[in-house]
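Numbering starts at 1 and runs along the sequence shown. Just the heavy atoms: all of them, side chains too, but no hydrogens, waters or symmetry mates, feed the values below.
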Amino acid sequence: MSGYKFIGKNLRRSDGPDKVKGQYHYLADSFAESSLYGAVLFSTHAHARVISIDTRSARSMPGVTVLTFEDAPTERYNSGEWFPGQNDPPDETILTGHVRHVGDRVALILAPDRRTALEARNRIKVVYEPLPPITDMLSAGDNAGLLHEDGVPAFPGRIEYGDIDAAFANPSFVERDTIVTPRIHHAAMETHAILVIPRAEQVLEIRSPCQIAFGVQHAVSMVVPLPLSKIRVIKVPMGGSFGGKQEVVFEPLCAWAAYRLGRPVFINTSREETMLATRTRAAAMGTIETALDAEGKILGRRVSMLVDAGAYLTGTKKVMMAMGKKISRLYAIPALRYEARAVRTSTTPAGACRGYGSPQIHAVTEIHTDLLCRRRGFDPVEFRLKNLIQPFSDDPSGGANLGNARIRDCLEQGLRSFGWQERKIPSGSGRFRRGAGFACATHGNGYYKTIYHDITGMSLRLLEDGSAVLRSGIAEMGHAANAAMAHIVAEVTGIAPERISVLEGDTLFGSYDIGCQASRGIFVVGECARLCAEQAMEKLCGEAERLWKLPVTHEGAVLRIGDKTVDLGDAVREIAVKNRVSIEVLVEHSPKNNPGSYGVHFVDLTVDTLTGLVHIDKYLAVHDIGQAIGRNLVEGQIYGAVQMGIGMALTEELVFDQKGQPSARNFDKYHMINAPDMPDVEILLIEEGEKGGPYGAKSIGEIATVPPAPAIINAVNRALSTSLTRMPLTPARIVAALNQPDSIDDEKRRSPCLS
């Protein structure tokens with residue numbers, strides 16, 4: 001790291017000052033001239049048919065247009081499909097008269113301003129025929145025909161390798177647990193907004209704070225009769241996503257309305273609307289069985305997952321399969337059978353959320369691992385060291401090689417730094433009980449060796465004043481991807497990062513990129529930026545040699561030509577005038593590997609057995625990231641991820657009653673971890689390099705949110721000698737478990753997962 005000028009240092013974000021001062025403009029801060037403001041009429045029922053909809057009073061208001069499900073196209077699509085030919089089952093329309101969750105889209109009201117649009121929406125009278133809601137994922141499959149005409153009870157998935165029957169034929173031990181993870185709101189600061197402007201020559205210009213610009217383009221093409229070449233998607237500044245803006249929600253509706261009316265249409269949502277009508281992290285129930293030999297070596301695992309997709313399938317089956325693929329990339333498991341089902345319920349649709357299934361499946365495996373160690377008398381550290389994968393292991397499920405996987409380094413160095421030997425024994429016998437726990441985790445770095453292609457393209461132009469422009473298809477989500485790309489280019493070219501502009505996704509003028517997903521931002525896109533910068537400098541030096549007829553090398557932003565030096569900008573200018581050549585290159589990159597990123601989180605906490613409150617006293621996050629591009633940016637990702645993970649473990653859950661009505665519609669009843677509740681998070685980075693990543697770097701943004709929840713659950717269980725397996729561990733659940741220990745984990749006894 002000492003040999004780098006920019007890599008591994010603290011990076012300065014170019015957008016930081018404006019964001020701190022509240023001067024950074026997001027989509028909701030602008031309103032295109034002559035735009036119509038769109039207010040969506042959302043269903044108040046969890047499951048119903050619209051018998052009648054009276055829009056006369058709303059339509060009588062000056063400038064108001066009302067488009068209902070009766071006007072809308074009936075083409076069905078899947079909002080989680082981002083590329084033609086993926087063939088995800090389509091079950092959603094832009095508007096519907098058969099509502100399937102509170103927040104489903106019934107009509108779109110368009111007016112000259114927000115106040116008029118909302119008033120017009122309030123004037124619309126809808127008569128519903130209530131239908132039985134399906135709110136329990138355990139019974140969803142039996143009632144599937146009620147919710148969707150296709151009658152599909154569940155969307156199954158399966159991964160199997162090794163001889164699973166032999167593994168369970170004669171083991172020394174078999175341990176079994178069922179773990180339940182909650183439905184969670186993404187809670188990005190920016191709610192969902194979209195602007196669509198009809199342009200000349202039948203082009204629709206879509207401005208969206210999205211994660212996959214080309215995915216939005218594909219989704220809109222399924223409901224608007226235009227070719228992809230006429231659908232322009234511009235990724236605009238985003239105020240956070242965490243996966244909530246990976247799938248399309250309002251873009252097809254907004255685009256259809258703008259196309260139909262020939263007017264710009266703008267839709268913005270409130271926090272309540274975002275919570276009810278967009279996407280969530282899927283709730284899941286996992287039953288896991290592990291076969292062991294007498295020494296604690298894993299012989300095989302059987303895992304069965306039940307995943308709640310909500311009202312529409314969206315990308316939930318993809319998430320469900322991603323869960324299964326992680327199992328064989330953390331522990332060496334000779335035989336695995338993973339069987340899963342995604343079911344639809346009358347609740348807010350699920351979809352992508354930070355970690356894309358990893359937080360759920362690692363909660364299942366890591367909580368189970370701790371519990372089986374306790375029941376069988378295995379030391380949890382020794383058990384993991386005996387079973388964790390080794391660097392450069394192959395994935396027995398057929399996935400990519402695991403690469404320079406330093407999970408053992410994370411565990412061993414973390415144990416020492418955390419002081420595990422001194423903290424591992426629980427203490428306290430009165431009201432306050434103290435315990436420590438940890439959890440291991442892995443996540444990927446792109447799509448190589450999956451069924452999905454992984455392509456990114458970039459062009460870099462070196463300018464006549466020595467600055468540069470990098471055109472890319474990436475999506476800056478607030479996680480400083482643009483700053484990271486600028487610093488990677490700076491390391492190659494010597495140009496100061498603040499003199500490098502990084503442009504984001506534009507489907508008409510930018511290169512193709514499959515989007516900000518699968519933790520591919522640094523490993524895949526960052527490597528493309530490095531290759532692009534290297535090729536630009538090679539072209540510059542080659543053209544300089546052709547012009548000056550002398551050997552040329554570069555030292556940073558200065559060319560050494562024979563015995564003289566020329567500034568980069570001067571060389572670019574001279575080459576343009578005399579060689580008639582600009583210094584611009586286009587690079588398309590597809591990765592040749594997909595290694596694992598790894599992490600282990602340690603937590604020491606105190607439980608108040610009277611109130612059920614949990615206080616985290618010490619927290620350590622250890623991560624194998626190959627090489628930090630920007631140290632402060634890596635740390636910032638981990639801090640935010642820990643906050644999300646604590647919420648998953650202790651406080652956050654979207655709950656629906658038997659009628660499908662949500663208990664939380666705003667942050668007043670949806671409890672997140674706030675600044676006063678956050679522990680000081682210590683961070684230890686393992687930087688052993690990873691082939692194929694820029695300067696050896698690999699992902700951190702998603703992996704960092706995977707271990708916190710199971711680490712906390714394990715610590716609580718050690719502190720209280722409980723076997724709690726249903727998240728979140730709210731105070732009420734903890735107190736109930738202490739008062740009625742026999743009632744803990746009722747789902748174990750009624751789980752259908754392994755039937």
Exam field: side chain Arg520 to backbone Gly515, donor-acceptor pair closer than 3.5 Å: yes

Polar contact flag, side-chain donor to acceptor under 3.5 angstrom, His218-Glu81: yes

Do Leu650 and Ile712 pass the side chain to side chain contact (heavy atoms under 4.5 Å, CB included) test, and can you show the C-alpha distance, the side-chain angles, and the key distance before you say yes or no? CA-CA 8 Å; Leu650 300 178; Ile712 291 167; 3.9 Å; yes

Once salt bridge (charged side-chain N to carboxylate O under 4.0 Å, His left out) is applied, do any residues pair with Glu272, and if so which ones, sequence neighbours excluded? Arg665

For Arg183, enumerate each residue passing the salt bridge (charged side-chain N to carboxylate O under 4.0 Å, His left out) test, keeping only those at least two apart in sequence or located in another chain. Asp308

Within the 3.5 Å criterion, strictly below it, is a donor on His47 or His98 matched to an acceptor on the partner's side chain? yes

If only atom types and distance count, is the side chain of Arg105 paired as donor or acceptor with the main-chain N or O of Thr93 below 3.5 Å? yes

Across all chains, not counting sequence neighbours, the salt bridge (charged side-chain N to carboxylate O under 4.0 Å, His left out) partners of Arg59 are none

Going by atom types only, do Asp113 and Thr116 share a side-chain donor-acceptor pair under 3.5 Å? yes

Backbone N/O of Glu702 and side chain of Thr705: donor-acceptor pair under 3.5 Å: no

Without hydrogens or angle criteria, can the side chains of Arg263 and Thr65 be said to hold a donor-acceptor pair below 3.5 Å? no

Got a sec: does the CD of Gln23 have more than 12 other heavy atoms crowding it under 6.0 Å? yes

Are Val307 and Gln360 packed together at the side-chain level, in the sense that at least one heavy-atom pair is separated by less than 4.5 angstrom? no

Using atom types as modelled, flag every donor-acceptor pair under 3.5 Å from a side chain in residues 189-196 to any protein atom, sequence neighbours excluded.
residue : atom : partner : partner atom : Å
Glu190  : OE1  : Gly239  : N            : 2.8
Glu190  : OE1  : Lys245  : NZ           : 2.8
Thr191  : OG1  : Thr269  : O            : 2.7

Drop me the distance from Gln211's CD to Glu247's CD, to the nearest 0.5 angstrom. 9.5 Å

Taking the side chain as C-beta and beyond, is there a heavy-atom pair between Pro89 and Phe155 under 4.5 Å? yes

Taking side-chain hydrogen bond (donor to acceptor under 3.5 Å, both in side chains) as the definition, give me every residue that meets it alongside Tyr128, ordered by chain and number, with sequence neighbours left out. none

Mind checking what makes salt bridge (charged side-chain N to carboxylate O under 4.0 Å, His left out) contact with Asp506, not counting sequence neighbours? Arg232

Approximate separation, where rounding is to 0.5 Å, of Thr181 OG1 and His362 NE2: 12.5 Å

